[in-house]
Structures are given as structure tokens and as C-alpha cells.
Amino acid sequence: MATPKSPAKFRSWSSMDSIDPADIRRLYDPESSSKSSSVRCVSTWMFSLLILGSTVLFLIGLLVGYYVRESQNLDTDGSIAHCFYGERSDGFSQEQVDSAHENIMYLLSSENIKTLKREFTSSQTLNQDTTWDENTVNFVKSEFTKYGLDKVSIEEYDVVVTYPNPVQPNRLEVITSAGQVKLNLTFGVGQRSKVNRRKRAAEDVEETKDPPVLPYVAFAPSGTVQGVLVYGHYGRMVDLVLVNNTGVILKDKILLLRLGKISVAEKLSLAKQWGAVGVVLYLDPADLRGTEDRVISPDDDLQKFVPYASAGGKIYTANPNGVSMVTAQTVSMETAALLLSSMTGPSAPVSWNGRLNTSYHIQGQHMVRLIINNIKKVETVRNVVGVIEGDIEGDRNIMVGASRADGLQTDFDVSMGTINLLQLARSMASIRRLEKWLPRRGVKFYSWGGTQYSHTGIQEFLKANHVIVQTKAVAYIDLDLYMQQRDRLHTPSMDVTTSRLLSHLVEKVSNIVPNAAMSELSIKDSLSLTVNHYRKCVSATDYHHGSKDSLFFFQELGIPVFKAGFDLPSAMVNNGSLHDQEHHYRYHLAAARVMALVILNLVDDNILPLDVSALASSIDEALIQTADIPDINELIDKLLTSSDILVTTGKAFEVYIDSLGPSKVPLEARRVNDALMMLEKAFISPVIHRNSASVLYEIDDRGQLTVIKEMAALSTSTNDWSNFHCLLDTFSNALKQSISILQLS
């Protein structure tokens, strides 16, 4: 870009600034006007009026000239030929855009994964005076800067969390009616971290760099509590209502709950609401994806493995003190079986039975004492952010994120999400520099910190920026690829978790990306790609790995989400290892290419590739399935009518998009894209029966609407249908709002 000879302000009518006189409309003349005669011919006020009138006439003429000039730029077909919003500044045709995308994909390679991983490992080895996370933050920032991203920054948040006291470890005791201690468990001692004490907010908290690796529940408060043990299944509201209906009073009791289904924060909050004083959490084998499927534990003994869990608050309901409401502790499967075997009260419902080698009862006779000695400490959570600015739609961006290691695992394979993030950022930045490609929309790369504290880095970011994210983010792509062993599987299978709006795009690109093992086939042809309708359900296996899924933080803001992983057959797992380096990173590369193509389509397509029909059809089908539930089918009839209209309107909306033609009138394309970005947000509901915003169309494996099923079960148990009717009204309004959005009204 040329540099103006004069510092005068100017405005170019093209998409690029220029000093060519034929391409400039000056807002004012930088040349100084000649001095007027000192003879005073008219009064000052008349002279002022003359100047004011001349200025007004000049501005009117300037505006008329502008609109005349713009009207001359209209093509005969009515499209806008020279509009800054519509034209690509790089001048690329669709063929050139496709070529740039192909070259970005070419730069994604197994060799680059190995190179980045080697450099990353080397940086950790060379900087042993700082922590693993600090090294990772510095490495990511350095790489982003080296790639030439438009903006690179580190965001820091100080959060107060809890850790187990290494001097006084947490304990659990089972006490008989005679006062004898039948079972006494101590949950590890661990190593003392580097600690610096300081006062903050009138509280004696500690700032730590290296947390001890101990089984505990992050954010759970200290205290000693005692009560009879009660088995409460997953600790959902419907579970606790059922326990209460059996005549078991939950007040002053300690709940034994399975991990999964809902977050630990919700479990503890509901336990507090019902008067429980403590919670014991365990991982049931039934929640590990089937009888023959298994997950490798860190010490290869899943029965004795005590999981880590985090009860961090959610975006809108985080406890200001940074801790949950009741004491809590995780225990192993072996300990859970012992606790259940000591219970002789009423039998639990058959559907509540897990796969521990014991019978499941609701209440025991022995007292359980929890001694939790967690201490508060200050953690500084860091997010590294790199930005590639968008050209035409600079106010729209695709969020791409990877969580750093959770601090509870030491293997460098936990860095693969970071490697995927860096590889994609480098590929896109390189093609932009070499080929002068300018993406239509922006891309924001996030290396998230605080993974082990309920993804605190994401939560703190969204607390500060949730309005901006809701209005500007097109989608969130999670690059943390997961690998799981499936004993029943004979060939590798790529598993995708995504919003319905992205499902068609994911299937399309999976038909382009080569198979990880046989390049002549695509992933979709050979690996049985499954696209799961995303639902807010915390998997028990997430806790086993010391982390839980982060996608629902974005889904609760109405942002379409996408995450991928691979299920590998046992024959491909060598010596219990799921590390992809043994397969030359073929599966990481295949997943990275699928995710990259999804991102590039979202970045450069004129009309956002969001599938309205898939969303409308999935809601309609789920309502039909849910209507089969006894006692509620008549109540859902009016919703079915609205959902039918949504399906019809969705199809008409897509026909309208096609009618715009290949040129896609820029401002009309913007209008369509705005509607597409609003659609998922129509189904975000305020508090109904959960502790935060809910997504109204969560669909379970049987194709039924989960929120309606749970509310119906709860209403049946309590014989109170008022909240259920409120839910149906809310859902009905969401359907009407989504129809209105698609009608562009």
C-alpha cells in the first residue's frame, strides 16, 4: 500500500486505500485557503450564516454525488459489483479459494506433527526451571508470533481453587452402630509443591505452581461431615425425587453418586438443595461405554483407580467464593463396591444397577464420615490467543481451541491438542503470506488453560466475553482429539460430536479426506463415520482422564460446536498404549484434516454452510419419539404442529438461498448469515430445572428429547405438572422464534 504524501485524512471508494487522485474523495482539502481581505464588508453573524449555508450545500452535494456514483456501479443483473462488503480484497475467484484451501491441507502432515512435537518436547527439556504449563504458554506464544498472526496475546485470570492438604490428606471412615471404625481410607499424601504464601482478600491463600497429583474434587470445601450413606444414582433431580418418594429422607445424609450424565457442580448443588451434607463420587463400570469396552487407567488397575473430578461453577452460576457448597470426595470402584455391600436398605430400581460386583441398595445402616482437608490456593490461569483477521466479514470469526494438559497427567501425548492447534495456525498463516489469500471471516486460535479446574480458562474468558462471543462467533471447533479402545471394534472408527447445524458439512468433508490407513478411500467410506447429535451429557470416561468435555460451555451460548475422536480396536493397541505415534500420527492427521476443512468452509463460504433442514428434522423426529411416552403425548401435539412448520420453513429457507444464485448478493448474504447464526440461540432457555441455561433440543440415544423426558419423569414423581407446562410453553416459543428467524422477518 502506498504512503500518502500528505497527512490529510482521505477515504477510498475501493476496498484498499490509495493515493491515486482518481481513486480518492477527500473529506476536506488539506491545502490552506488563501487569506481574505481585512476589509469588513458584512457583519460577523451574516458571514457566519453564509459559511454555514455553503457547508450544508457542499455536504448535500457530496452525498448526492456518492449515491450517483454507487448507482452507476450496479450490474444489469442487479448485483452489486463494487461493494466493500461483497468483494474479496485478494481478488480470488472460487477456484483460487479452493486452491488455497487445498494448499493449507497439503501443509498438514504427519511429518509436521512430529517436527512440532519434537520442538515442543525440546522446549520443555531446556526450560526446567519453569512449570510445564508456563513452558507451554511461552512456546505457543512464540510460535504464533513466528507465524505472523495479526494479533498474539496472553490473557491471565487469578482464580481461587482448592487442593488436598499434603500434610493432612482427606479421609473416609465407615462407622458401625456400635461406634467401631469398620473402614478407614486415606486418599494419598503426594509431594509438596513450590508454594509462595501471601494475603489476598483478607484470606490466607497460597499461590502454587505445581499442584500435587492427588485424587480429590477440585473446588470442594473443607470440613468434617457425618451421616448415613444413601445411593442416589447420578444425583439428577429426577433421581433424588425418586429416592425421596421411597421414604428415604436426604437431609443430613451423605450421597453416593455415579460420575456422568451431569456435571459434578450440578450434583453437589442438588445435593445441597435436598439437605445432604456430603457427596461420595465413583466411576461405575457400566458407564465405560459397554461391557467389553475399557479405558486404560494410569496405573493399569481400574478397580483401584481413584478418579480426579472438578466441581467448578458454570458460566452463569459460578460460586463467587470459588468453591462448591458441600464436601465431596472421589473413591475407587473397589471402595464403592465395599460401600454398596454394606447397605441393606430398600433395593434400588433395576435401571439404577451398575456393573459392580455387588447388589445396589438405596440406604445403608452404617454411618459414613468424610474428613476433607482441602486448602485454598490461588492459581493464575493463562489463555494464549492468536488471531487471523477476516477480510470481508471482519466482525465474524471461527473459534478454534485446544486445552493444555490438565496437570494430572505427565505423558507428553497430552500436548497433541496444542500440536494440532499450532499446525493449523502455521498452515493458514503460511498460505496467507505466500499466496496473498485473505480469509473472508476471521479465525481465533485459543490455547486454553485451567483444564483441570472445570476448564476455568474457558469459563473465565466467557464470563468476560460471552456477549461478544454470542454475536460474533460462527462456531467453536475443539482440536483435542481423543483416542479410545473399543474391544468389539474390528476397524478404526472416527467418532464426531457436533451440533446438527454442522452435521452435513462434517459428512461432506469426511468424504474428501483420505482414510488414515488406505489413502485411496475416504474416511466416510472406510471408517464408519458417525455424527452424534451433540447433547449436554458429561461422559464418565471424561472424569477418568481427569477432564470433562468443554463443548457445552459454547453450546449454552447457542454456538454450533464440533469435536472429533477415534475408536481403535484392541488389535491396534500395543502394550496397552493408545499413543498415535505408534501409527505415525495417521489418525491425528486424518482428524486434523477433517477439522481444518470444516474450519475453511466456515471461513470462506459466502453463505455459512449450516444445515437448517438437519436441525429442523432432528427436532421434529425427536418430538415424534418423545410423544410415545405415556401420559404426555397429548401435551406434545401442539409442539408437533409447530415442528412440522419449522421443517417446511427450513426447506423454503434453503430454496431461497439457492435462488440468490452463485453471485449471492452481498448484503442479502449477510442477512441470511445473520439468520443462520441466530437459529441455535432460539433454543437457549433460561433456568427451568437446571442450574444454568439449557439447550431445549438435547436428544438422547433413543432419539427422544432428554429435557422433556426428565421433566415428565419429575412431574410424574411429584404429581406437579406446573414446571412441565412451563417447559412446553418455552419450547413452543422457541419453535415460533426459529420459524420467524427463517422467514427473515
Side-chain angles (χ1 to χ4, degrees), residues 104-105 107-110 112-117 120 136-137 139-141 143-144 147 149 383-388 397-406 409 412-429 442-451 455 457-458 461 473-484 494-499 502 505-506 509-510 513 516 523 534 542 545 547-555 559-566 578-581 585-603:
I104 289 172
M105 301 299 293
L107 292 179
L108 302 176
S109 67
S110 297
N112 284 339
I113 291 177
K114 287 190 287 186
T115 300
L116 272 170
K117 190 166 176 59
F120 175 79
T136 306
V137 167
F139 181 77
V140 172
K141 182 184 179 184
E143 290 295 304
F144 279 171
Y147 303 157
L149 302 189
N383 298 330
V384 187
V385 186
V387 180
I388 293 180
N397 59 76
I398 289 78
M399 298 181 67
V400 183
S403 298
R404 296 196 296 279
D406 57 19
Q409 297 167 317
F412 280 123
D413 240 30
V414 299
S415 66
M416 288 309 300
T418 300
I419 302 301
N420 289 335
L421 185 76
L422 293 175
Q423 183 181 211
L424 180 60
R426 180 167 68 177
S427 299
M428 294 182 69
V443 183
K444 293 189 174 182
F445 301 94
Y446 295 89
S447 175
W448 302 113
T451 306
H455 293 281
I458 296 177
F461 169 81
V474 173
Y476 176 70
I477 313 299
D478 190 329
L479 296 185
D480 290 319
L481 180 70
Y482 54 89
M483 296 278 183
Q484 297 180 112
M494 185 173 177
D495 182 63
V496 169
T497 300
T498 184
S499 300
L502 290 173
L505 175 60
V506 173
V509 303
S510 69
V513 176
I523 286 181
Y534 184 75
D542 293 328
H545 290 295
S547 173
K548 65 185 178 60
D549 201 12
S550 61
L551 294 184
F552 63 74
F553 291 120
F554 295 92
Q555 194 201 23
I559 310 299
V561 296
F562 172 51
K563 184 183 179 74
F566 270 99
L578 291 170
H579 298 174
D580 195 32
Q581 60 189 4
Y585 298 106
R586 290 180 299 177
Y587 299 100
H588 273 92
L589 178 60
R593 285 176 169 168
V594 170
M595 291 185 281
L597 271 179
V598 168
I599 293 166
L600 291 171
N601 277 269
L602 291 170
V603 163

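We count residues from 1, following the sequence as given.
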Full working for side chain to side chain contact (heavy atoms under 4.5 Å, CB included) between Ile419 and His588:
CA-CA 10 Å; Ile419 302 301; His588 273 92; over 6 Å; no
Do [X] and [Y] have side-chain heavy atoms sitting under 4.5 Å apart?
X: Phe445; Y: Leu422; answer: no
X: Thr136; Y: Phe120; answer: yes
X: Leu505; Y: Thr498; answer: no
X: Arg593; Y: Ile523; answer: no
X: Trp448; Y: His455; answer: no
X: Asn112; Y: Arg426; answer: yes
X: Ile458; Y: Phe554; answer: yes

I need the minimum non-hydrogen distance between [X] and [Y], along with the two atoms involved.
X: Val474; Y: Pro560; result: O-CD, 3.4 Å
X: Ala592; Y: Asn420; result: CB-OD1, 4.4 Å
X: Leu589; Y: Ser110; result: CD2-OG, 3.4 Å
X: Asp478; Y: Met595; result: O-SD, 3.4 Å
X: Ser427; Y: Leu107; result: OG-CB, 3.5 Å
X: Gly386; Y: Leu149; result: CA-CD1, 3.7 Å

How far apart are the C-alpha atoms of Leu108 and Met105, what are their side-chain angles, what is the distance that settles it, and do they pass the side chain to side chain contact (heavy atoms under 4.5 Å, CB included) test?
CA-CA 5 Å; Leu108 302 176; Met105 301 299 293; 4.2 Å; yes
Do the side chain of [X] and the main chain of [Y] share a donor and acceptor less than 3.5 angstrom apart?
X: Asp480; Y: Ala402; value: no
X: Asn397; Y: Lys444; value: no
X: Asn601; Y: Leu597; value: yes
X: Gln423; Y: Ser109; value: yes

Please determine whether side chain to side chain donor-acceptor pair (under 3.5 Å) holds for the pair Arg404 and Thr451, giving the CA-CA distance in whole Å, both sets of side-chain angles, and the decisive distance to 0.1 Å.
CA-CA 7 Å; Arg404 296 196 296 279; Thr451 306; over 6 Å; no
Take Ile388 and Tyr147 through the test side chain to side chain contact (heavy atoms under 4.5 Å, CB included) and record every step on the way to the result.
CA-CA 10 Å; Ile388 293 180; Tyr147 303 157; over 6 Å; no
If the test is side-chain contact (heavy atoms from CB on, under 4.5 Å), which one of Leu424, Ile104, Val509 qualifies with Ile599?
Leu424
Output for pair (Asn383 CG, Phe461 CZ), nearest 0.5 Å, gives 8.0 Å
Establish, yes or no, whether a centroid distance under 6.0 Å links the rings of Tyr476 and Phe553.
no
